[in-house]
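Before any comments, here is the structure.
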Amino acid sequence: MEPSPNARTVESYEQIADEYARDTKGGHVLSGGLTRLIETMPGAHVLEIGSGPGWDADQLEDAGLTVRRTDITQAFIDFQRSRGKSVDRLDAINDNLGGPYDAVVTLHVLQHMESDDLGVVLAKVAAALSPSGRFLVSIPLGEDAGWQDGESGNPYYRVLRTEDDFTASLAQAGLTPEWTERSNDDEETGWLCLLAKLVR
Ligand SMILES: C[S@@+](CC[C@H](N)C(=O)[O-])C[C@H]1O[C@@H](n2cnc3c(N)ncnc32)[C@H](O)[C@@H]1O
C-alpha cells in the first residue's frame, strides 16, 4: 500500500533532519508568536507537536515554560536527544495527545496534513487544552495543495490554506483566534502565525 502523503513527507524529513536543524538554528522566524505565548501564559506547561530540532522549545524553556517536546520523525527525535533533550514520539494524526496542557504549539507542521486529518488534529488539540489554554500555530497562506521538491530532492506534501479557511477549521474545533501575525503584508502568501483560545 502507498504511504499517505503525510507519511511520505515524514520519510523525507528522516533524510534531512540534521541539515534542517543547521539551516534553522537561530532563525526565530516566528518569534513574535512565541513572545506572545510567553507573555500570555507565563510558566505554562506546553505540548509541542512537531518540535523538529527543538529550537522553539529551547526559547520557551529559556523563558520559564515547560515543554513536552514531541515529533513523529525519528531523526529529529535523535537530533534532540543528542542535545540532551527529552522527546516523545508522537504522531499528531493517529496518537492521543494527552493533557490537559496550558498551551499547545505547532509551528510549520499543519501544512503537511490533508484536510480531513487537519480537522482530526485540531479537535484533539482543543480537547487537550485546559479551559483557559492557548494554541499557537503557523500555516503557509495560499490556495494550493500538492507535492513540492525540497532542495535535497525529497518530496513534501503541502497544503496552502487561506486565513478564512483556517479560521473556519479552528471554529469547527471550538477554537477562535485572539492574535495573528503575518510574515509579510500579502494576505495570500507568506506565513500566518496565530494564537487561539477555546470558545466558551
Ligand atoms: C517544517 S518542520 C517544522 C519543525 C519545527 N516545528 C520548526 O518550526 O522548525 C515540519 C515538522 O512536522 C513534523 N510532522 C509532520 N507530520 C507530523 C505528524 N503527523 N505528527 C507530528 N509531527 C509531524 C515533522 O516531523 C517536522 O518536524
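First listed ligand is number 1; within each ligand, the first listed atom is number 1. Bear in mind the structure is a predicted one, so any value in this text is a computation, not a measurement. Only this structure's heavy atoms are used, side chains among them; waters, hydrogens and symmetry mates stay out.
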Ring centre gap for Phe79 and Trp55 strictly below 6.0 Å: yes
is_close_aromatic(Tyr101, His45), centroid dist under 6.0 Å: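 Yes, ring centres under 6.0 Å apart.
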Under a 4.0 angstrom heavy-atom cut-off, which atoms of ligand 1 come close to [X]?
X	result
Ala92	18 (C), 19 (N), 20 (N), 21 (C)
Leu107	3 (C), 5 (C), 6 (N), 7 (C), 8 (O)
Thr73	24 (C), 25 (O)
Tyr13	1 (C), 2 (S), 10 (C), 24 (C)
Asp56	8 (O)
Asp71	13 (C), 24 (C), 25 (O), 26 (C), 27 (O)
Gly52	4 (C), 27 (O)
Leu90	20 (N), 21 (C)

Side-chain ion pair, Arg83 and Asp58, N-O less than 4.0 Å: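 Salt bridge: yes.
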Residues Arg134, Glu178: salt bridge by 4.0 Å N-O rule: yes
Nearest option to atom 10 (C) of ligand 1, as decided by whichever heavy atom of Glu48, His108, Met113, Arg158 sits closest: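 Selected option, by shortest heavy-atom distance: His108.
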For [X], is at least one N or O under 3.5 Å away from an N or O on ligand 1?
X	value
Thr24	no
Asn6	yes
Val10	no

Validation row: Gln80, Ser51 side chains within 4.5 angstrom (heavy atoms): yes
Proximity flag Trp55 to ligand 1, non-hydrogen atoms under 4.0 Å: no
Exam field: side chain Lys124 to backbone Ile93, donor-acceptor pair closer than 3.5 Å: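 Yes: the side chain of Lys124 pairs with the backbone of Ile93.
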Ser12 (side chain) donor-acceptor with Tyr156 (main chain) under 3.5 angstrom: no
Aromatic plane relationship, Phe76 with Tyr13 - under 30° parallel, 30 to 60° tilted, over 60° perpendicular: tilted
Nearest-neighbour protein heavy atom for atom 14 (N) of ligand 1, which is reported as residue plus atom name and distance: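 The closest heavy atom on the protein side is Ile72 CG2, 3.8 Å.
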Protein residue, atom and distance nearest to atom 5 (C) of ligand 1, heavy-atom basis: Gly50 O, 3.4 Å
For ligand 1, the portion of Ser138 having any non-hydrogen atom under 4.0 Å away: neither
Minimal non-hydrogen separation, Pro140 against Val159, with atom names: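 Smallest interatomic distance, heavy atoms only, reads CG-O, 4.3 Å.
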